[in-house]
Every structure is written in structure tokens, then in C-alpha cells.
Amino acid sequence: MSTTKPYKETLNLPVTRFDMKANLTVREPERQAKWREMDLYTKIRENRAGKTRRVLHDGPPYANGDIHMGHVLNKVLKDMVVRYLTLAGYDSPYVPGWDCHGLPIEHKVAKDLGSKIAGMDASEIRERCRVEALKWVDIQRKQFLRLGISGDWFNPYLTLDPRYESSIMDVLADLVAGGYVFRQLKPIHWDIHDRTALAEAELEYQDVTSPSVFVAFPIVAGVPTSFGPGEWSALIWTTTPWTLPANVAIAANEHLDYAGIRYTDPKTGATHQVILAADLAAKVMGLGGVSEYQEVARCKGRDLAGARYRHVFIDRESPIVMAQYVSAEDGTGLVHTAPGHGAEDYQTGQKYGLPTLSPVDDAGRFTDEAPAELVGKGVFQANPLVVEMVRSRGALFHEMPLHHSYPHGWRSKKPVIFRATHQWFISVEHNDLRKNTLAAIDQVTWLPSWGRSRIDAMVGNRPDWCISRQRNWGVPIPVLFNDQTGDHHLTAESVRFYRDLFRREGADAWFKKTAAELVPPDLNATRFPVESLRKGTDILDVWFESGSSHRAVLAQNFDLGYPAFMYLEGSDQHRGWFQSSILTAVGTTGRAPFETVLTHGFIVDEQGKKMAKTGGNAVSALKMTEQYGADVLRLYVASLDYADDIRMSERGIKEASESYRKIRNTFRYLLGNLEDYARFDPSTFDVTTLREIDLWALGQLNGVIRDVTASYDAFEFYKVYQRIYQFCAVDLSSFYLDVLKDRLYAELPDGPDRRAAQYVLARLHEVLTILLAPILPHTTDELWEFVPDREGKPASVHLAEWPEPDPRWEDATREARWTAIRSLRDVALTALEGMRKAKEIGSGQEASLEIMVPSDQAAGIDRSRLTTVLMVSEVTIVEADGLTAPIVKASKSPHPKCERCWNLRPTVGQDAEHPTLCDRCVRVIRALSSSPS
RNA sequence: CGGCCCGUAGCUUAACGGAAGAGCCCCCGGCUGAUAACCGGGAGGUGGCGGUUCGACUCCUCCCGGGCCGACCA
């Protein structure tokens, strides 16, 4: 070997097969296929068998539609939790699930069928719903898999699975046994044209003109004494006169002012006295054409509490009650209350124990419970009749048409009504369910902590839970009726009978079999003769279904264990799944089904506005995955504090993509210098060859491990991201790795100096790869294949063990020393920048530094390696008194540049054989040429 | 309208009531042996008006903007 060969050939420049270009769109699916081939999920399970269980129980997404960013956020967060727990040594199986029943699917199927649905029975419709749901399960599964979510994807839980349906019955049976389930009248939206119940989502609002009437109900008792003698009436306003027969109360707001008005009827000249909201008196009198009136007295709403009035055309006395929703916006501030015909009226009725009257049949005609004049009449036809009845009793203050928006059926396009029907409920008061649930809530860890007050308030205020729905696509409430007597049969024993039946045949059995075929063992044949037996047609609220998953998935069928370590969903689930789950769990097991509940915010757009589901400002999850790759999306999710709302934009994803490249490049650089480091063997490595800066770097890595682990333990992934990213950018890329270049490139390839550096690089690589594995499962697994071999290295990073800080590198004194060196470096860099600006130097190696250090700090500075660490030609230290901080003077180096290592050194030119090299390079070249290779 | 929550540089985020810091982006420069890289430098901020305090991003009142859930539309 001689100078004929360029010196560059003797350098150890980075070489690696690890591509700088991520090409995630191609590589990720390949890797996912590989995971499936090697059955990685099962391997992980085997690997963690016997370890402490920590189950994150999946909240089932609705099996309908392509996934959107909300799904990405939720599933990626779950995956990061599960992957971390697994790497940290827990047995953390993840069984994904889907919510398969419910209105949206049934609605979609109904729309597709159009008029053909009329001739179909429930089983046929259900079969189509099943196909629709399973179609989306399959599609969404593919989309979740594409995101790299690890789990038992081909053995998921589905709420339409017979096993699941059976477990729902098991929960229902326990609640029936506990006495929580009862049947009661409740008003629901009813389409009188289609004779069917409608859900909120099936309503369309259209403008109609209704007769609005002011009616004076004579008060018989309880008028405040300040109002003086004489007859007083409570003046109400309604746009649905036909509901007046069901009036059982008048509601006032306790805080509002009410006035007693004495007025003269402009037509008859008679004098009347009415009570109404003080602020509305003038307006109402004006509407009624009244010019002569005076306010006689005034009181607060609460002063009217307990007063009683007589119904205008029915022989009935009813109370004036207080309701917070009553306002002085419209009407009279006194609200006609018919619990059978309005949602709020119903609530008020429940509060005051009022009867729920609803003398209307399923075609919207008055039944014989209504006044004789109305029986058989349709409710809308009855409006003028009712008005006439009021007028004839002299109680009609005023009538006028009102144009307003009114709900219509989505299919019939006809106005719908509120009609009371029998519904099933779970009582939150029975057996102190509410109190017990609040106590159970207290035992749960809520993250963020305000989750507790949120759900606390919701459970504290919620009414009884209406669990029945008048639909086909769901799990039946398996009740049998005697058609003749109206008696019903629903017992713990009968429900358990159906539980066993459904386990064998699925809930379809209820729809396919006749009532006679569904007789449970405890049915009294005398009270329920077969010939008058009828099946109930209601199904369970889907929230009851998903709320039973703690039984259907945790306690039964999947061997996961009860309760779950964690539930993790969006903050809307405090009302939804968290609540339905804890209510059913407390009602059946007395405790919460989860130890920790983690909630995340909602995806909003760049301006912080709600993200529309389709079009507009929505960022497409599928398109972004396609374009940037799953790991970039995952890094983006990881970088955000999900406790708040998440501003999502393509720009943000682009920035995540930049960060991803920085991380990838840092790893690529590590690997570029490890290509010839065949075996990473910490046990035999001679640690005394490590230099000070290496020990410092390893100490920093310890700190990273500690901080990152703590952040993962708190599920604060954005802190993981920030810590690792800044470590890569600040500590490694711009400092340690930069300083290391000279040693890695120019020293003997297998000499102790370079090997020591490589040891650190290998350690950095291995540790950072594992630390990032929960966030970047594809990239880290690819990186894992490039890790230098070591004893017992697992086949995948996802089978690795979580790293721990190495106590050998802990040294607070050293860390302090390097902190000082780095601030000195900052000063030096500023000085170098000055020279660069003045065009005196380009690279820092072209400069010499004279550093003036305060005498008392001089001892703390390791001057031996400053030239290397500051990457300059030479460094002179001058001790100076009276300084508070170091001062750096930079000048152009007088030394020649070494042709091989490009450093400017005084030793260049001293060797005759290699006149263009520094002493170090001469030494290395000699060693290389004397070696056998 | 009610319950819960959020608002720090263009972006993502720090700061026991004690000097508003970091990274990215951007701009300027360097290197050309991490090169669809790498290194250095610079600019840039507490949504608003008040209050408590020696001192407020931090605590309080109100306002503005936004989110989730609920109620309203008689």
C-alpha cells in the first residue's frame, strides 16, 4: 500500500443497506404480510404467557363506513398502549371488536330495499343487515391492519356473534334478577302513517302551519294571597291543541316573575283574571287584542308551586309544577304539560309522579279514553274540535296560526307525534344503582382527571335508562305476552333460558321461532295459554349491547379476565360506552369493569373547528395513509397531546413526515457506522476503552430511557416523542454524532477507539429502536433486522425486552462537566459563526480557538479533548481572573490541512513518506499497510 | 341554555405564583466523506379587558373563540 491509492479509500465512511428513502407505502404492507406469515401476534402471546395481565378492552367501532381520522387516533393510541405494555413485560392481549347491530345499518338496508321492505319479515331484514355489517367489519379490519394495529384481528368480538348475544342475555338476566328492569309508559316519536316508532335520527324537520292557542285553566287553589279575591286562571300556550286531553300539569319556572293580569274582553266586555309570565304580559295581551288590562299583583314562579287548577273540558284537577326549562321566550311562561306527548313533559311527569296519559292509538286516532267528542278522530283532524271545546267553555283567550318547523318521518314525510307506549327501563334508583355507580366511579382512575367529574355529573343526573327500541336489527328483549290479558313474562329464569338458546342458535331464534316454540320452563301455562301467547317485538338499546362487553368479552368467551386494565375512548363515551358499561357492571357485579379510563379529544381542523365527516375540511385517513404511510400518521398521533382536541391538518402530517425522516436518518447514520460491527456483545466489551464523551452519551441515553419509560407509563406519548426527537436532533445529530465522525471515519477500523464508538452506537440503536417500537412498529422492526447481532436476539423488535438504564454510566459529576463543555461549545460556535460571516473560514476545522476561562472554572474543563469536541484545528486555554463566563477568540488556523482526515493539524507535513497527513493518519496508514489484509 | 374541557411563536410543545424555554417550519450562512442529507446563526409568542399579588402563562371575574355531552324549538 502506498500513496498511489487515494487516502480516501482508507477511511471508514458510512455504508448501509438501510435505505434513506422510507417508501412506507410499499414497505409497510410487505412487513405486515410478514408478521401475518410468522404469526407474530401469537408469538407475542406465547412470549408473554404467564406474565401479569393488563388488558386494554377495545370499545367497538360501529361497523359502517370507511375509517376516518377519529378511528386512526383512537386505534393508534390503543395500539401504542398495548405495544408498550407488551414490551414492558406485561401480557397484554388485544381483541378488537365491532358494534354490529343498530339503526344506521338497518336504516341503510331499508333505504336500499325501498318499497320491497313491505313484504319482508324481520328475519329477512335481519339477514340483510348481517351481511351489511360483516361487509364493513371486513373492510375496516383491512384498514386497521394497514395502520399496523396489533391484535387478534381474525378472532374479533362481534356483537352479532351468538356467543356475544348470549352474554347480553346473561347480563339482562342478572339485572332482571336484581329487580332493576321494569316496564312503563314513555312518549316516543311515532309515525301515524307508517304506524311505527321513529328514532331521533329518522326525523326530518319541515315547516308547517299549526293552530296555536292560548288557553286559560281556572285555578282552584293556591293562588298567592297577594293576588286578592276573584277567579284566577293560568294562561298557557300550545301549538298542539290535540294534546290538551292529556294535560296533567302546568309548568312554571321558579325563578321567573309572574303577573296577575285583570283584563276586559274586547268582545264581551267581561272582566277576567289570568296569570302569566310578567315579561310576556304585554305581548300576549296585544296578541289577544286586549287593550284594557292592568297588573294586579306579581309573584315568583315558586310562589305558584302546589297551586291546583281544573282542566278545561275534563273533570280533573292538576297541579302547577316547577320546571327549569320553562322560559319567558315564547308563549306565556306557563307550559301545558302532557307527559304522554312530550319528552320534557315526561321528565317533569316522572319528577312529580304525574300520570302518563296518551289516549291515542297507533294510527293516531283518539281511543275511548279520550272525551267522547274526540274518540276515533285523528289527532290532527281533532285540533279544531279541541279548540272548539276550549272556546265553548269560555277558556280560549286567543287562537292564531303559527308557522314553525315540525318533525316528519323520513319515509312517510308525514308529521310525527309524541305518543306514549310501553317501554323497558333499567331503574337507576332501585337497589341504589346510581349511588353504587357513583361509588364505583370513585374507584376508577380517570385520565385526564376531569373525566371523573364529567361522568359523575352525567350519572348523577341521568334518568332511568330506557333499554327498549322498536326496531328489527338487534338483540330482542325476550318477553312473552298474553294477548288477551296483556300480562307479560320476563324473568331471570326465562332470560337465562334464552341465553342458552341464543348461544346455540343466535338471537335470530327469537325471530324465526313461533311464540309456542319459545316457551321458557318457568312460564305458567294457565296464565299464558299457548293460543294467546305473543312474542315481544322490541330489541335492546345497542348501548346495552356494547355496555355488556365486559361480560361478553372480558368475563366470558375470550379468556381476557375481568375487570379490564383500561378502556380508552373519545370523551363522548362518558355518556356512551363508559356509562353503559359501568351501569351494567355495577348492577351485575357491584364494581366498575375497568381500572383506568383514558379519554382523548376530538379531531378538529386547522382552525380548531369541528371536522365534518365528509368533504369540506375533513382530512381523509385512507388518503393520508396511502400518501404518507402508517408510521408517519402514527408519529403524528404520538406527537399530539390527545387530552385536548386535536387540530389535524395535512400540513401537520407533512411536518410529522419531516420528523420521521430526521429520525430515520439518525438511525441510518448509526447503521452506516455499524456495518462492520458484526456482533454487539455488552458482556465482553472492554468498557475502559470508552472515552469521556462516550460515557456521557451513554449516561444521556439512561436519562432518555428513564424519561421515556415514565412518559409511557403515564400514556403521555407526545412526551415520548418530544424527548426522543430532541435527543436525536440535539444530543446526537448535532453534537455527539458530529463529534464522533473523526473517530469513526479516520481511526483504525477495528481499533479500540472506533470500536468503543461503535459500541455506543449499537447501544443507542438498540435502545432507541425499542423505545420507538410502540409508535413506529414498521420502521423499528425494519431497523431491528439491521441491529448488530447479539446473544438471543428475538426475531422481531416486538418480542424484545424493554431497556433499562445501565447504572455503570450514571455519574452526576461527569454530566455537569459536559453541560459546561456544551455551553462552552455554544460560545465557541458563535465565535466561529462570526468568522464564517466574515468569509474568513468555512468549516470550523479551519479555525484555532483561544479560550479564556475564569480561573475558578478552569479546573472543571476537560481540556484534553476540546479540539475534538469543538471540532476545530486547535484550542488554547488561558486562565483569566475577573471573568464570569468563558470568552472565546477565534482566528484562522496556521496549520495545513491533512489530506486524509481534513483536520488542520500542526503535525501535517512532519512525515516524509506521507507529507500531506497528520500524525494520527500516518499512524493509521502504517497500521493498515502492515496488517495482513 | 346547562355540565365538562381547551386557548403559549406559523406548527408540536415546556415553564412549584419567581428572568417565557425547546424542536420543527421559515430566513441567512457553511459543508460537500449522513448529500432527496449534515452543521451553524437569526427572526418569531402567553386570545382580550379587569382583579388578587412585591411578582400572574399560572389564581379570580367577565368577554371573545373553540370542542364534547345534554337540553331547547310548548
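Residue numbering restarts at 1 for every chain, and letters A, B, ... go by the order of the sequence lines. Keep in mind that this is a model prediction, so the values were computed, not measured.
Among the atoms of the strands shown, base atoms are found under 4.0 Å from some heavy atom of Leu11(A). Within 4.0 Å of Lys21(A), counting heavy atoms only, lies at least one base atom of the nucleic acid. Counting any heavy atom pair closer than 4.0 Å across all strands shown, Gly842(A) reaches sugar-phosphate atoms only and no base atom. Counting any heavy atom pair closer than 4.0 Å across all strands shown, Asp644(A) reaches sugar-phosphate atoms only and no base atom. Within the nucleic acid shown, Cys901(A) comes within 4.0 Å of at least one base atom, counting heavy atoms only.
Counted within 6.0 Å of CG on Asp707(A), heavy atoms from surrounding residues, nucleotides or ligands total more than 12; the atom is thus considered enclosed.
Nearest to the side chain of Glu344(A), among rA34(B), rC72(B), rG33(B), sits rC72(B). Proximity note for Arg454(A) (side chain, C-beta onward) versus rG23(B), rA37(B), rC69(B): the nearest is rC69(B). Proximity note for Leu829(A) (side chain, C-beta onward) versus rC72(B), rG67(B), rG40(B): the nearest is rG40(B). Candidate nucleotides rC69(B), rA14(B), rG40(B) were compared by shortest atom distance to the side chain of Tyr718(A), and rA14(B) ranks first. Among the nucleotides rG3(B), rU35(B), rG10(B), the one closest to any side-chain atom of Arg651(A) is rG10(B). With rG23(B), rU12(B), rG67(B) as the choices, the nucleotide that has an atom nearest any side-chain atom of Phe602(A) turns out to be rG67(B). Closest contact between the side chain of Lys719(A) and the listed nucleotides rA14(B), rC4(B), rC31(B) involves rA14(B). Residue Ala457(A) has its side chain nearest to rG3(B) when only rG23(B), rG3(B), rG40(B) are considered. Listed nucleotides rG33(B), rG40(B), rG66(B) differ in distance to Lys8(A); the shortest reach to its side chain belongs to rG33(B).
Side-chain atoms of Arg647(A) stay outside donor-acceptor range of the base of rC11(B), with no qualifying N/O pair under 3.5 Å. A donor and an acceptor atom never sit less than 3.5 Å apart when one is taken from the side chain of Glu833(A) and the other from the base of rG41(B). Interface remark: the Ser733(A) side chain does form a donor-acceptor pair with the rA34(B) base, using a distance-only criterion of under 3.5 Å.
In this entry the distance linking CZ of Arg575(A) with C1' of rC4(B) reads 11 Å, nearest Å. Following rounding to the nearest Å, Gln726(A) (CD) and rU12(B) (C1') show an atom-to-atom distance of 10 Å. The distance between atom CD1 of Ile653(A) and atom P of rU12(B), rounded to the nearest whole Å, is 12 Å.
Note that Arg822(A) lies in the cation-pi zone of Phe735(A), set by a 6.0 Å cut-off to the ring centre and a 45° limit from the axis.
Across the P atoms, rU32(B) and rA15(B) are found 42 Å apart, a figure rounded to whole Å. Nucleotides rC1(B) and rG18(B) are separated by 37 Å at their P atoms, to the nearest Å. Annotation: rA9(B) and rU46(B) have their C1' atoms spaced 10 Å apart (nearest Å). rG50(B) and rC62(B) have their C1' atoms separated by 8 Å, given to the nearest Å. Here, rA22(B) and rG33(B) have their C1' atoms 31 Å apart, quoted to the whole Å. Separating the P atom of rG48(B) from that of rC11(B) is a span of 15 Å, rounded to the nearest Å. Rounded to whole Å, the separation between the P atoms of rU53(B) and rU12(B) comes to 37 Å. Spacing of C1' atoms, rG44(B) relative to rC24(B), comes out at 13 Å, to the nearest Å.
Contact between the side-chain N/O atoms of Lys741(A) and the OP1/OP2 oxygens of rC38(B) is not found at any separation under 4.0 Å. Tyr745(A) has a side-chain polar atom (N or O) that falls below the 4.0 Å cut-off from OP1 or OP2 of rA34(B). In this model, the phosphate group of rC69(B) is not approached by any side-chain N or O of Lys610(A) to a distance below 4.0 Å at OP1 or OP2. For rG30(B), the OP1/OP2 oxygens have a side-chain nitrogen or oxygen of Lys839(A) closer than 4.0 Å.
Side-chain atoms of Ser659(A) and Tyr721(A) form a donor-acceptor pair, as typed in the model, at a separation below 3.5 Å. For the residue pair Tyr660(A) / Thr779(A), a side-chain donor-acceptor distance below 3.5 Å is found, with atom types taken as modelled. His336(A) and Thr243(A) are linked by a side-chain donor-acceptor pair at a separation below 3.5 angstrom, with hydrogens and angles left out of the test. Side-chain contact of Arg723(A) with Ser711(A): a donor-acceptor pair under 3.5 Å is absent, judged by distance alone.
Comparing Thr666(A) and Asp641(A) against RNA chain B, the residue whose closest nucleotide sits nearer the 5' end is Asp641(A).
The ring of Tyr725(A) does not lie on top of the base of rG23(B); it is either too far (5.5 Å or more) or too tilted (30° or more).
Side-chain atoms of Arg836(A) do not come within 3.5 Å of backbone N or O of Ile841(A) as any donor-acceptor pair.
In summary, Asp676(A) and Arg754(A) engage in a salt bridge, as defined by a charged side-chain N under 4.0 Å from a carboxylate O.
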